[in-house]
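In what follows, a single structure is set out as structure tokens and then discussed.
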Amino acid sequence: MSTENEGNEGTAAEAAPSVPSAPPVPADAPQGLPGSAPAAPPHHDATAPQQQQPAAPAQDHATTPMAPVPAGAPQYAPPPAPQSAADAGWPPPPPAVPAYAHGHGAQGGGPVWGPPGQPQTSDAPRKRRAGGLVAAVAVAALVAGGVGGALGFWAADSNGSDSSVSTTVAASGTPQDLKRDPGTVAGVAAKALPSVVTIDAQGGDGEGGTGTGFVYDKEGHILTNNHVVASAADSGQLTATFSNGKKYDAEVVGRAQGYDVAVLKLKNPPQGLTPLPLGNSDQVAVGDSTIAIGAPFGLSNTVTTGIISAKNRPVASGDGSGGSNSYMSALQTDASINPGNSGGPLLSAGGAVIGINSAIQSTGSTGQSQAGSIGLGFAIPINQAKNVAQQLIKTGQPVYPVIGATVTMDEKTGGAVISEQGAGGTEAVTKGGPAARAGLRAGDVITKFNDTVVDSGPTLIGEIWTHQPGDKVTLTYKRGGKTSTVEVTLGERKGDS
């Protein structure tokens with residue numbers, strides 16, 4: 001992550017207008033005073049996907065990308081220089097703001113998850129640019145201070161010679177006494193932060209990284225993403241650090257790779273744990289405000305805000321290790337989510353958890369090892385995550401609803417195509433399974449799941465997994481140019497293998 005500062009070179013400041021009783025302006029006044037020239041702008045069968053071409057990966061999440069910016073410097077133009085003191089008036093206008101911009105690298109062309117992210121260290125060039133930014137801010141502060149002093153002198157002089165007259169106004173109370181309303185972002189964050197943890201996962205092979213989780217119940221269960229803890233699940237060390245700095249060892253209770261959900265348990269949980277309240281993700285609407293909490297690039301207790309920018313967004317993403325993909329019908333948000341945010345809560349404006357931040361979409365690589373937020377983040381709806389968490393706490397393994405048919409992962413088929421053959425040479429439509437009982441065959445193209453349009457295999461799987469085994473659903477499919485509709489009762493598959 002780099003910060004660039006360009007275009008701060010200005011011309012010498014013009015002499016300040018002459019005003020009675022006003023102090024003279026030094027000839028070497030800081031750049032940016034009124035009248036100076038503006039700085040030049042810087043330049044599975046839908047029970048399990050078939051092992052075919054993987055879906056477009058997403059770049060993440062908190063610890064990893066989905067699929068887990070460089071911007072032009074804003075240009076600020078000062079007002080035109082006055083032609084004379086009489087035209088300008090007094091006091092002078094505020095100083096021009098120096099132009100500066102942030103550049104943020106990204107990598108990967110589509111949604112893909114990678115290993116947990118680590119904060120990047122700055123190299124010499126970045127230090128030089130960061131220094132330039134600090135210098136620019138200091139110059140701006142000096143200019144503002146100089147103008148403020150002149151204004152104060154003028155105000156005092158205009159009130160006559162009585163030195164007892166004060167032009168200051170006392171603040172009501174100290175900053176410590178300032179209270180935020182519960183409904184504000186500050187109020188929601190203050191209440192939620194003590195229940196959010198930063199997870200450090202260190203595998204036995206030396207691999208690991210940082211992610212986020214949150215308190216699920218008073219017994220010490222922590223809800224997070226599977227890809228956050230995968231490297232240390234079998235052999236390694238897991239710790240959870242609260243916002244007060246206290247750290248606790250943790251262990252994996254259960255993992256669901258397909259859902260990308262995992263449950264941890266603190267080995268010696270503290271007293272008085274406060275679980276975050278869970279909302280209803282089915283009632284979320286596009287445009288609702290969101291608050292994300294996590295540890296982007298290892299920066300714990302970071303709070304960002306945005307809105308729900310889309311619902312039911314099909315997302316297929318992998319962990320970058322060649323393992324099976326995860327699928328979700330995600331909540332899309334523009335709240336800033338970066339590697340390290342994965343597993344953290346996405347909150348409603350009222351402070352209820354509506355999703356688990358899991359993945360981000362990123363643009364092409366700019367040379368950095370990890371992508372950053374471009375305003376397209378994806379969260380697992382909490383209604384689905386809650387069902388998975390209950391399964392994991394109860395049995396230690398996930399349960400997946402299935403239709404008993406293998407579909408292709410090609411995203412350009414106009415639907416979910418039932419494969420000619422299943423994994424390992426098995427039949428694509430399981431004998432006696434839900435799809436077979438409904439009359440579906442290899443080659444059929446499923447185009448709708450209930451009222452949701454299906455444009456690919458990953459979309460179908462994501463929709464199926466928002467339901468429970470035993471649910472009755474309606475599938476619309478095409479065969480030989482003819483469209484038909486059938487009712488299917490979802491079956492089940494236990495475990496990830």
Side-chain angles (χ1 to χ4, degrees), residues 44-51 54-55 113 216-217 219 221-230 232-234 251-265 315-319 321-329 343 356 358 380-407 409 416 418-419 421-438 440 446 449 457-473 475 488-497:
H44 337 190
D45 117 350
T47 96
Q50 181 175 341
Q51 301 299 320
W113 285 339
Y216 178 73
D217 58 26
E219 285 69 46
H221 289 107
I222 303 295
L223 194 55
T224 186
N225 282 140
N226 171 67
H227 73 265
V228 170
V229 303
D234 298 325
E251 59 187 354
V252 175
V253 172
R255 303 189 294 137
Q257 186 178 53
Y259 293 122
D260 196 26
V261 171
V263 175
L264 308 181
K265 191 174 190 303
V315 175
S317 49
D319 59 7
S321 64
S324 299
N325 283 344
S326 299
Y327 302 90
M328 68 181 96
S329 182
I356 300 178
S358 300
I380 302 168
I382 194 60
N383 288 10
Q384 177 181 356
K386 178 175 65 174
N387 290 334
V388 177
Q390 291 172 346
Q391 294 168 359
L392 295 177
I393 293 173
K394 183 177 180 179
T395 67
Q397 64 177 342
V399 177
Y400 297 93
V402 298
I403 63 171
T406 301
V407 296
M409 294 295 102
I418 298 180
S419 306
Q421 195 175 62
T426 60
E427 295 185 6
V429 179
T430 305
K431 289 184 178 179
R437 292 195 298 270
L440 294 173
I446 300 173
F449 181 92
T459 300
L460 176 63
I461 295 171
E463 287 298 320
I464 292 173
W465 286 359
T466 63
H467 290 71
Q468 297 294 309
D471 287 352
K472 295 183 183 296
V473 300
L475 298 180
V488 177
T489 301
L490 298 177
E492 71 173 29
R493 171 171 62 85
K494 294 182 178 180
D496 282 307
S497 59

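Hydrogens, waters and symmetry mates play no part in the numbers below; they use all other heavy atoms, side chains included.
When all heavy atoms of Pro458 and Ala316 are compared, the pair lying nearest together is CB-CB, 3.9 Å. A pairwise comparison of heavy atoms in Pro398 and Leu392 identifies N-CD2, 3.7 Å as the closest pair. The minimum heavy-atom distance linking Gly491 with Pro434 is given by the pair N-CG, 3.6 Å. When all heavy atoms of Ser358 and Asn225 are compared, the pair lying nearest together is OG-ND2, 3.0 Å. Here the shortest heavy-atom pairing between Gly422 and Thr406 reads CA-OG1, 3.9 Å.
Taking the side chain as every heavy atom from C-beta outward, Gln468 and Pro401 never approach each other to under 4.5 Å. Residues Lys265 and Ile222 are not in side-chain contact: their nearest non-hydrogen atoms beyond the backbone lie 4.5 Å or more apart. Ile380 places none of its side-chain heavy atoms less than 4.5 Å from the side chain of Val388. Counting heavy atoms from C-beta on, the side chains of Val402 and Leu490 never come closer than 4.5 Å. Side-chain contact check for Phe449 versus Ile464: some heavy-atom pair is nearer than 4.5 Å. Using a 4.5 Å heavy-atom cutoff, the side chains of His221 and Val253 are in contact. Within the 4.5 Å cutoff, the side chain of Asp217 has heavy atoms near those of the Ile393 side chain. Residues Thr224 and Ile356 have side chains not in contact (no heavy-atom distance under 4.5 Å, counting atoms from C-beta outward).
Counted by atom type alone, Thr466 and Gln384 present zero donor-acceptor pairs between their side chains at under 3.5 Å.
In terms of the salt bridge (charged side-chain N to carboxylate O under 4.0 Å, His left out) criterion, Glu219 has no residue partners (sequence neighbours excluded). Partners of Lys472 according to the side-chain contact (heavy atoms from CB on, under 4.5 Å) rule, which considers only residues two or more places apart in sequence or in another chain, are Glu487, Thr489. Ala389 meets the side-chain contact (heavy atoms from CB on, under 4.5 Å) test with Tyr216, Leu223, Val263; sequence neighbours excluded.
With hydrogens and angles ignored, the 3.5 Å screen pairs a side-chain donor or acceptor of Gln391 with a backbone N or O of Val399. When atom types are taken as modelled, the side chain of Asn387 and the backbone of Asn383 share a donor-acceptor pair closer than 3.5 angstrom.
Between Tyr400 and His467, the gap from one ring centroid to the other reaches at least 6.0 Å.
Taking OG from Ser329 and CG from Leu460, the interatomic distance works out to 11.5 Å, rounded to the nearest 0.5 Å. We find the CZ-CG distance between Arg255 and Asn226 to be 5.0 Å, quoted to the nearest 0.5 Å.
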What do the steps show when you test Met409 against Ile461 for side chain to side chain contact (heavy atoms under 4.5 Å, CB included), and what is the final call? CA-CA 10 Å; Met409 294 295 102; Ile461 295 171; 3.7 Å; yes
